[in-house]
Amino acid sequence: METAVKHDVAQVWKDCLMVIRENVTEQSFKTWFEPIIPYKLINKRLIIQVPSQFFYEWLENNYVKILRKALDYAIGKDGQLEYTIIIDSGGQKAQQTQRKPEPAPEEVRKIPRNPFEIKMSREVIFDSQLNKNYRFENYVEGACNRLARAASVAVAQKPSVTAFNPLMIYGEVGLGKTHLVQAIGNYIENQSENNKLVLYVSSEKFTSQFINAIRDNSLQDFMNFYMMVDVLIIDDIQFLAGKEKTQETFFHIFNHLHQSGKQIVMTSDRPPRELSGMEDRLLSRFKWGLTTDIQTPDLETRMAIIQNKLATEKAEMDMEVVEYLANCVDSNVRELEGVVNSLIVDSALLQRKIDIELAKYRIKSLVDESQKAISIDKIIDVVTTHFNIKVSDIKGKTRLREVVLPRQIAMYLTKEFTELSLKTIGYHFGGRDHTTVIHAIQTINDLQNQDRGLMIHIKDIKEKLKK
Ligand code: ADP
Ligand code: MG
């Protein structure tokens, strides 16, 4: 192609963009090409400025053909492309010019890109962080999880096509939320033909990555990384409560993904309306999709879960034993699995089959153990003694600050040390509503970070509890 030599870098880049725009999706264009700044044009060498090393590698890995095409058009076959990256060396901004295809110098490679710290190579660039054992096939269906499961299957089969976007599943701990949402991810990943990038992350991890990104000055990389996934599964979002900055970033990622037709799946240990400390604008987004819960499984489902577990472990037990266990452990699937696991170990060690005696023995020792564990009565006893107030006050109606704070501390510690549900905790504190309990936990959480005195009180009480 005969092209007159152009001198205007802006014009050349504009020509490139025209070609690029025709060859990539609107979304990719926005994410990967709009942020590029045309820097210099030296003869037939176009130098563009990109925000990060990660960005550069991403372009090189994914868009090299299109870039070539663009150069052919805008400059000619002998057109060359160079990148310049802003790098942060020892606090000082410096510019690093990158002439492709030379490899990046070592110091540039050290810049964190993928917050999961996966080695960046041309082949393996992405890991979904999924646990392959969590599948639909080994997720027992029951009345307690029917809707949540059906919605999850629908989302897995047609991510971002259903009206369930975002899909939000909530329920108390140990009822199978993580299993279910990971099953969605695994299902999608196994449909290799649809080629979707799936990512699972807990809200804790998301938060700590966010904090690291701020510290390392790589927030843009962090955001770009999350914005490129097709299916984002974020677990236990109640953890984001009160973390304003993290929420703000999540909000942007959420919007970006949702607007570009990507699927979002979330879990929480409580319904959205009870997520205090969560921004309204974020909560209102959740209403765009479907919110559904998982309840405690009924007896039949618990029995089916035990049998499912036995089948995976290739172990056996009589129906009578299955029923006995399902009756004894009735509120938490994780505990139920724990009991079955211990019995499998017992039976292997003792070389005897899992019969009703063994099961009774195991359950009894678990109950004994939990009695040794910290009970709500003990917590109330220790807290009231510590603050020199009456048990009747802590359970009573008074709103005096001398009582309210100890009451909140006691609720907070009960949540931490026992498996009791929020409702039950409220019940033990003078029949209070579970939202009061949530509020108490939140208050103590917040106060602890600001108030050293309170922190010391709580530390003292914890030590007394362990005696
Ligand atoms: P949550 O995230 O709600 O706290 P998990 O998903 O971690 O709960 O579940 C706890 C354990 O119980 C996991 O090992 C999971 O595989 C198992 N589990 C929960 N529900 C079911 C179910 N319906 N069928 C089979 N296993 C289940
Ligand atoms: Mg979980």
Side-chain angles (χ1 to χ4, degrees), residues 128-153 155-156 166-187 198-208 232-241 264-272 274-275 291-315 317 322 325-326 328-345 366 415-416 418-423 438 441:
S128 64
Q129 312 287 322
L130 289 164
N131 175 341
K132 304 280 174 243
N133 295 323
Y134 289 136
R135 285 168 288 119
F136 287 124
E137 297 86 73
N138 58 8
Y139 191 81
V140 176
E141 182 175 349
C144 55
N145 60 33
R146 189 153 291 135
L147 181 58
R149 189 180 187 284
S152 300
V153 170
V155 163
L167 173 63
M168 153 75 124
I169 295 175
Y170 68 92
E172 295 213 3
V173 295
L175 296 185
K177 301 181 295 294
T178 298
H179 186 139
L180 197 52
V181 296
Q182 291 232 13
I184 299 177
N186 280 315
Y187 185 99
V198 181
L199 183 67
Y200 168 87
V201 67
S202 69
S203 298
E204 277 107 319
K205 192 168 225 173
F206 182 86
T207 304
S208 68
L232 177 64
I233 303 170
I234 176 156
D235 208 355
D236 289 317
I237 57 150
Q238 75 276 357
F239 190 81
L240 298 183
I264 301 154
V265 179
M266 299 177 287
T267 76
S268 158
D269 70 352
R270 65 201 76 158
E274 285 169 18
L275 283 166
T291 298
T292 174
D293 66 339
I294 299 184
Q295 306 261 338
T296 317
D298 54 30
L299 182 70
E300 285 72 23
T301 312
R302 296 201 296 277
M303 289 172 66
I305 289 173
I306 297 177
Q307 279 162 330
N308 173 62
K309 182 82 195 159
L310 290 169
T312 355
E313 302 294 329
K314 302 202 167 43
M317 68 176 67
V322 173
L325 293 177
C328 290
V329 186
D330 61 0
S331 62
N332 183 318
V333 180
R334 186 175 294 129
E335 269 172 31
L336 193 60
E337 282 195 344
V339 175
V340 175
N341 279 333
S342 334
L343 278 168
I344 292 172
V345 173
L366 284 176
K415 182 69 194 165
E416 177 168 341
T418 71
E419 295 285 343
L420 297 178
S421 69
L422 297 167
K423 220 159 130 186
I438 293 174
I441 295 168

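FYI, side chains are in, hydrogens and waters are out, and symmetry mates aren't considered; it's all heavy atoms of this structure. Keep in mind it's a predicted model, so treat the numbers as computed, not measured. Start at 1 and go down the list; that is how both ligands and their atoms are numbered.
- An N or O contact shorter than 3.5 Å is missing between Leu180 and ligand 1 by distance.
- In this structure, Lys205 NZ and Asp235 CG are separated by 12.0 Å, a value rounded to the nearest 0.5 Å.
- The shortest contact between atom 8 (O) of ligand 1 and any protein heavy atom is with Gly176 N, 3.0 Å.
- Taking CD of Gln307 as the start and OG1 of Thr312 as the end, the distance is 11.5 Å to the nearest 0.5 Å.
- Proximity of a side-chain donor or acceptor of Lys177 to a complementary backbone N or O of Gly171 within less than 3.5 Å is detected.
- Here the protein heavy atom with the shortest distance to atom 21 (C) of ligand 1 is Tyr139 CE1, 3.7 Å.
- Nearest to atom 12 (O) of ligand 1 among the protein's heavy atoms is Val333 CG1, 3.3 Å.
- Residue-to-ligand polar distances place Lys177 within reach of ligand 1: an N/O pair is separated by less than 3.5 Å.
- In this structure, the side chain of Asp236 does not engage the main chain of Ser202 through any donor-acceptor pair within 3.5 Å.
- The residue among Glu141, Arg334, Glu335 with a heavy atom at the shortest distance from atom 7 (O) of ligand 1 is Arg334.
- Around atom NZ of Lys423, no more than 12 heavy atoms belonging to other residues, nucleotides or ligands sit under 6.0 Å away.
- Close approach to Val173 involves these atoms of ligand 1, each under 4.0 Å from a residue heavy atom: 4 (O).
- Near Asn145, meaning under 4.0 Å from one of its heavy atoms, ligand 1 places the atoms 23 (N).
- Remark: minimum distance from atom 15 (C) of ligand 1 to any protein heavy atom is reached at His179 ND1, 3.4 Å.
- Remark: distances from the non-hydrogen atoms of Gly174 to ligand 1 include one below 4.0 Å.
- When only non-hydrogen protein atoms are considered, atom 25 (C) of ligand 1 lies nearest to Asn138 O, 3.3 Å.
- Remark: the backbone N or O of Tyr134 is paired with a side-chain donor or acceptor of Asn186 at under 3.5 angstrom.
- Contact annotation: Thr267 places no N, O or S atom under 2.8 Å from the Mg ion (ligand 2).
- Between the side chain of Gln129 and the backbone N or O of Val201 there is no donor-acceptor pair closer than 3.5 Å.
- When each of Val322, Leu336, Leu325 is checked for a side chain to side chain contact (heavy atoms under 4.5 Å, CB included) with Met303, only Val322 meets the rule.
- The shortest distance between side-chain heavy atoms of Tyr200 and Thr178 falls below 4.5 Å.
- Counting protein heavy atoms only, atom 24 (N) of ligand 1 is closest to Val140 N, 2.8 Å.
- Considering backbone and side-chain atoms together, Glu337 places an N or O closer than 3.5 Å to an N or O of ligand 1.
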